Amino acid sequence: MTVVADFKINRVQRSKLEDISLENIPFGKYFTDHMLEVDYENGEWKTPEIKPYQPLQLDPSLAALHYGQAIFEGVKAYKDEDGNPSIFRPLDNMRRFNLSAERMQMPVVPEEIFLEGMRQLIDIDRDWIPAKENHSLYIRPFMFSSDEAIGVRPSDKYKFLIILSPTGPYYANPMRIYVEEKYVRAVEGGYGFAKAAGNYGGALLASAEAQKKGYDQVLWMDAFEHKYVQECGTMNVFFVIGNTAVTPGLDSGTILAGVTRDSAITLLKEQGLKVEERQLSIDEIISAYEAGTLKEIFGTGTAATISLIRELRYKDYTMKFDVENWTIATGVKRRMDAIKYGKETDDFGWLYKI
Ligand code: COI
């Protein structure tokens, strides 16, 4: 594979930033001045281009629109108190992106494009990183098949892009979660571990039905017995039982290997908790709740960061929590934020300086 080092850069004449306030900005609605676009054709990546953010012109027969060969990532950039920008663990997202690419029969994106492209793009749009607590610049790398043909086969052509979106909090309040029994998200041997577009499209109906019942999101269960916890909406999920944080293991390939999940595991251990990555059944959760040992439940994700879960509903059984007095999830969030915003030293080498 040819590795491209040179980037073509075309800057905007006037920044849109003058028209936007970055305070409490909603997730995913506003985009920065520039984007990165790279084409893959005949087995090689072409010269990456950084150019003004603009619509793509696509043929109606575009393969991705028909058969869903499309993957993405979610990464975030932050500013420290002196205004220096850094990206949180982008190499881990790049590795996961390329695992998704392999699963979906797509080409691997080399570091020279994924990471260097992200770095250069953010450097150009660095003024868009909000300098405020719970705010960040959300980075969305994505790739889709771009053959203009409707035969069912892997494409010869692909497009890789990165767009940037300044954002405030994703889930502002503690959440109410519905344990999903009817629909399933992923099955062993499937592609639940991949950040493939279809995993999100396929989840919309279940979330819509849960929302109609007054819940924020669903907690997905395994596809065979509807008994073992998988993940929660757009987040991985942790249950603090006694002095142990339990989170579903990655070995069945049915959940996303979250970068925030991995960071939370590190910080929970730093707080002195035991962490178990294993199967966890809804019966065990209910027993712990009834015994008074289920202390906290929280979700982790790039967009969601650390989100507290104040209610879990399973069939007719409701588990409620007084999140006000929680210290574990809030402790993980506080420490992770302190590292991201450069207030505490980055002992784990998570920040990639721009
Ligand atoms: C993320 O946390 O980055 C995600 O991908 C969730 C999302 C689909 C908003």
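Every number for a ligand or one of its atoms is a count from 1 in the order of the listing. Not measured: the values here are computed from a predicted model.
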- prompt: atom 2 (O) of ligand 1: which of Ala304, Ala303, Ala203 has the nearest heavy atom?
  reply: Ala303
query: Just by distance, with hydrogens left out, do Glu209 and Tyr178 show a side-chain donor and acceptor under 3.5 Å apart?
result: no
- prompt: Just by distance, do the side chain of Asp33 and the backbone of Lys16 share a donor-acceptor pair under 3.5 Å?
  reply: yes
- request: Would you mind running through ligand 1 and noting each atom that sits below 4.0 Å from a heavy atom of Gly74?
  value: 3 (O)
statement: Per-atom filter on ligand 1: closer than 4.0 angstrom to a heavy atom of Tyr138 are 1 (C), 3 (O), 4 (C), 5 (O)
- prompt: Does a donor on one side chain and an acceptor on the other come within less than 3.5 Å for Ser281 and Asp283?
  reply: no
- prompt: Just distances here: any N/O of Tyr170 and N/O of ligand 1 closer than 3.5 Å?
  reply: no
query: Quick check: does any side chain N or O of Thr254 sit under 3.5 Å from a backbone N or O of Val187, one acting as donor and the other as acceptor?
result: no
task: Would you please indicate yes or no on a ring centroid separation below 6.0 angstrom for Phe97 and Phe160?
output: yes
- request: Under 4.0 Å from a heavy atom of Tyr200: give me the atoms of ligand 1 that qualify, with their elements.
  value: 8 (C)
field: Val75-ligand 1 polar pair, N/O distance under 3.5 Å
entry: no
task: Give a yes-or-no answer on whether the side chains of Trp350 and Asp92 include a donor-acceptor pair shorter than 3.5 Å.
output: no
- request: Return yes when Lys195 approaches ligand 1 closer than 4.0 angstrom through a heavy atom, no otherwise.
  value: yes
statement: shortest atom 7 (C) of ligand 1-to-protein heavy-atom contact is with Arg140 NH2, 4.1 Å
query: For ligand 1, which atoms, with element, lie under 4.0 Å from some heavy atom of Thr302?
result: 1 (C), 2 (O), 3 (O)
query: What atoms in ligand 1 come closer than 4.0 Å to a heavy atom of Thr234?
result: 6 (C)
query: Parallel, tilted or perpendicular: which fits the ring planes of Phe27 and Tyr138, with parallel below 30° and perpendicular above 60°?
result: perpendicular
